[in-house]
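Chain letters run A, B, ... following the sequence lines, proteins first, then strands; residues in each count from 1.
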Amino acid sequence: MTVRTRVAPSPTGDPHVGTAYMALFNRVFAKSQGGRFILRIEDTDQARSSAASEQAIYDALRWAGLDWDEGPDIGGDFGPYRQSERLEIYRRHADRLLESGAAFRCFCTQERLDEVRRAQQSRRETPRYDGHCLALDPHEVAARVDRGEPNVVRLRVPEEGDCRFEDGLRGEIVIPWRQVDSQVLVKSDGFPTYHLAVVVDDHLMQISHVLRGEEWISSFPKHQLLYHAFGWPMPAHYHLPLLRNPDTSKLSKRKNPTGLNYYRRSGYLPEALLNYLGLMGYSMPDERELFTVDEMTAAFDLNRVSTGGPVFDLAKLDWMNGHYIRALTPGQFMDRVADWALNRDNLSPIAPLVQTRTERFIDILPQVDYLLGERAKLTAADFEHKTLSVEDCRRILDHAVRRLETLDDWQRDALYTAIKSLADAMDIKMRDFLSPLFIAVSGRAVTLPLFDSLAYLGRDLVRSRLRSAIEALGGVSKKEGKRLERSYRALV
RNA sequence: GUCCCCUUCGUCUAGUGGCCUAGGACUCCGGGUUUUCAUCCCGGCAACAGGGGUUCGACUCCCCUAGGGGACGCCA
C-alpha cells in the first residue's frame, strides 16, 4: 500500500504556523515511507474563503520548503484538489446517504435552531439537534424540496451505545453516541461541511494515514459513521497534540504570533522554524535537537510523537534561528539577508517615501529602521499626548487592532479608509487618532507616512506591534477587554 | 455544564519495571576566552501533580483525585 498523507488548510485569513506544523509531520511521515504528500484546499466556507488567502498558503508553505506532490496548483491523479470544485462529488455522495437513510433532510430555520440551543443551554444541557425533522414523511420531504424550501442534510446518529475507535498515538477512544450531534453535512447553499468533505475526499484521494490536530478527536465519531455508511475502509488516524500559548491555551494570534508571515518577515530561516517545529511533540531516536527535514525524514518514527500539548517557546526558536544564521558562510548570509528584504523588489515600495525626505544618503537608514528592523521598545511615556489620556490611547489601539483584523484588503488606501471611518465613529480627530498608531508602529511621532508603513509591514507585524504597544500602555485586563469589545461593537 | 484528551525541571523533551544519585536542550545565574558586545567553553539552579494499589522492585502498569487542554456552529 502506498502511504498518502495530506494537509488540508482552509484559505481563511493568514497562513498559520499550525498548518506548517501539520504539513511538516504529514510530509515527513509520507516521505519516510516512500509515500506522497498532498495539499488540499478546504474552501467550503464561501463567506470566509478567499483566493488571496489560498495564494498566501502556497507562498508560505513553499517558503518553508514544505512542497507537495499533488495539489490544486500542480494537479495530480486525484483532483480536483480544491473542494469548491468538487461540489458535484459531494452532492452525489450526500444523495447516497439520503437514500440509505444514513442522513436526512432538515428544514429547521436558523431562528428555531437558535431557540432550541438557548433553551438547552438554560437547562444546562449539551446543545444538540433535537431531532425535529428526523421522522418527516418522505413525500412531504420531496414536496418541500420541490417547492424549493431551503434545507440542509444532517447525519443520523445512533441514540445509544458508544463509538469506539483506534487512535494510532492514543489507543482506543470511546465516545458515547449521545454526545454526538446530528451534524449538518450539506449546508443550505449546497456546499458540504468539513465533515462530509473530509471523509469523501480522504477516501477518494486514497489517503492512507490522517495526521491531524487533536481538536478533531471529538468529531471523529461523525467521520466513522460516514465511512461505515459508505462502506469504505478507514485510514489510520493519528491525532497530534495542539501547539500552545505560554499560558497553555491553544495557540492563538491574540497571545502569540501565529502567522507564518510574521516569522518570514521577522527574518526567521525556514530551516530553523521547521527544525523547531520538529521538536514540538517529537524527539529524534538519538535525541539530537538540530536536524534538517531530510534528516528528520530519514529517522522518522511515528511512535515517538508524544501526546502532551507543547508550548511554542519563542526563546528557544530564537536561539535556534541564531544557531542557523551563524552556521551560514558570509556569502550565504548576505544572500539570505537579500532574499529576506534587502533587494529591489522589497525595497521599492519604501524608496519613494524616503527619497523626498533625504538630503544625504546617510539620512536614509534612521528613517527606515522600523520598517526593516524591530522598532524600539516602548514605554507608556512614549505615548504622552496633549489631549489623549493613556486610556484613550489604549482604546484607540485596541479598536484599531479589531478593525484591522477584519480588513480584507491590506492596501494603503483601504487601510486609510478603515482607520478614518473608525476615527470618525469614535469622534476623534484623525490627527490625534493617528498619534498612538505612529508610536506603536514606528516607535516615534515623526516618521514616514503611516498607511504606507502599515501596508509595507503587513498584517502580522502590525498586529504584533499594536499588541505590544497596548501592553506597554499597561495592558488590558479581562474586564476591560470585554468593555472595549462592547465599545467597539457599538461603533461598527 | 457534558464528553473526550493530556500530565517528568519555568519551557521543549529523554525515559517502555531494576541501567535514575532522573539525562539532554532553551531560559536564568556564576566563571573563563574575547579591546566592548555577541559567539565559544566550563559550571550551577531546577522536575517524575497528589493519593491508593499491582510488584521483590515503580517515572514507567492499574484505579481515584486534582490540574491543564480540546470539542460541543449551516467554521474548519
With sugar-phosphate meaning primed atoms plus P, OP1 and OP2, does [X] contact a base, only sugar-phosphate, or nothing at under 4.0 Å between heavy atoms?
X        : result
A/Val174 : sugar-phosphate
A/Cys108 : base
A/Met320 : nothing
A/Arg178 : nothing
A/Ser188 : base
A/Val152 : base

Applying the Watson-Crick and G-U wobble criteria at under 3.5 Å, what pairs with [N]? Answer none if nothing qualifies.
N     : value
B/U2  : B/A71
B/U16 : none
B/C61 : B/G53
B/C40 : B/G32
B/A76 : none

Can a salt bridge be assigned to the pair A/Glu405 and A/Lys253 using a cut-off of 4.0 Å between side-chain N and carboxylate O? yes
[X] side chain, from C-beta outward: closest of [options]:
X        : options             : value
A/Gln179 : B/C3, B/U27, B/C40  : B/C3
A/Asp181 : B/U13, B/G73, B/C4  : B/G73
A/Trp216 : B/A76, B/C74, B/G70 : B/A76
A/Pro176 : B/C4, B/C26, B/C75  : B/C4
A/Ile175 : B/C74, B/G70, B/C3  : B/C3
A/Leu279 : B/G73, B/G69, B/C12 : B/C12
A/Ile217 : B/G69, B/C26, B/C5  : B/C5

Could you check A/Arg304 against A/Gly308 and say which one's nearest nucleotide on RNA chain B is further toward the 5' end? A/Gly308
Can you work out whether A/Pro192 or A/Pro127 has the more 5'-proximal nearest nucleotide on RNA chain B? A/Pro127
Is there a donor and acceptor pair, one atom on the side chain of [X] and one on the base of [N], closer than 3.5 Å?
X        : N     : result
A/Glu287 : B/G23 : yes
A/Glu289 : B/G24 : yes
A/Arg48  : B/C75 : yes
A/Ser218 : B/C3  : no

Between [atom2] on [N] and [atom1] on [X], what's the gap in Å once rounded to a whole number?
X        : N     : atom1 : atom2 : result
A/Glu214 : B/A76 : CD    : P     : 20 Å
A/Arg170 : B/A71 : CZ    : C1'   : 13 Å
A/Tyr282 : B/A14 : OH    : P     : 10 Å
A/Glu215 : B/G73 : CD    : P     : 15 Å
A/Asp189 : B/G73 : CG    : P     : 18 Å
A/Asp114 : B/G73 : CG    : P     : 11 Å
A/Phe333 : B/U39 : CZ    : C1'   : 13 Å
A/Leu273 : B/C12 : CG    : P     : 17 Å

Would you say a side-chain N or O of [X] is under 4.0 Å from OP1 or OP2 of [N]?
X        : N     : answer
A/Ser283 : B/A14 : yes
A/Thr44  : B/A76 : yes
A/Arg117 : B/C74 : yes
A/Lys187 : B/C75 : yes
A/Lys316 : B/U13 : no

For A/Gln55 and A/Asp59, what are the C-alpha separation, side-chain angles and deciding distance, and is it a side-chain hydrogen bond (donor to acceptor under 3.5 Å, both in side chains)? CA-CA 6 Å; A/Gln55 187 59 49; A/Asp59 292 346; 3.1 Å; yes
Aromatic [Y] / basic [X] pairing, under 6.0 angstrom, 45° off normal:
X        : Y        : value
A/Arg4   : A/Phe78  : yes
A/Arg212 : A/Tyr238 : no
A/Arg96  : A/Phe230 : no

Could you check, using the six-membered ring where one of them is a Trp, whether A/Phe300 and A/Tyr282 have ring centers closer than 6.0 angstrom? yes
Where do A/Phe165 and A/Ile175 land on the side chain to side chain contact (heavy atoms under 4.5 Å, CB included) test, with the steps shown first? CA-CA 9 Å; A/Phe165 60 98; A/Ile175 296 176; 4.1 Å; yes
Can A/Asp247 and A/Ser249 be said to form a side-chain hydrogen bond (donor to acceptor under 3.5 Å, both in side chains), step by step? CA-CA 6 Å; A/Asp247 68 1; A/Ser249 58; 2.6 Å; yes
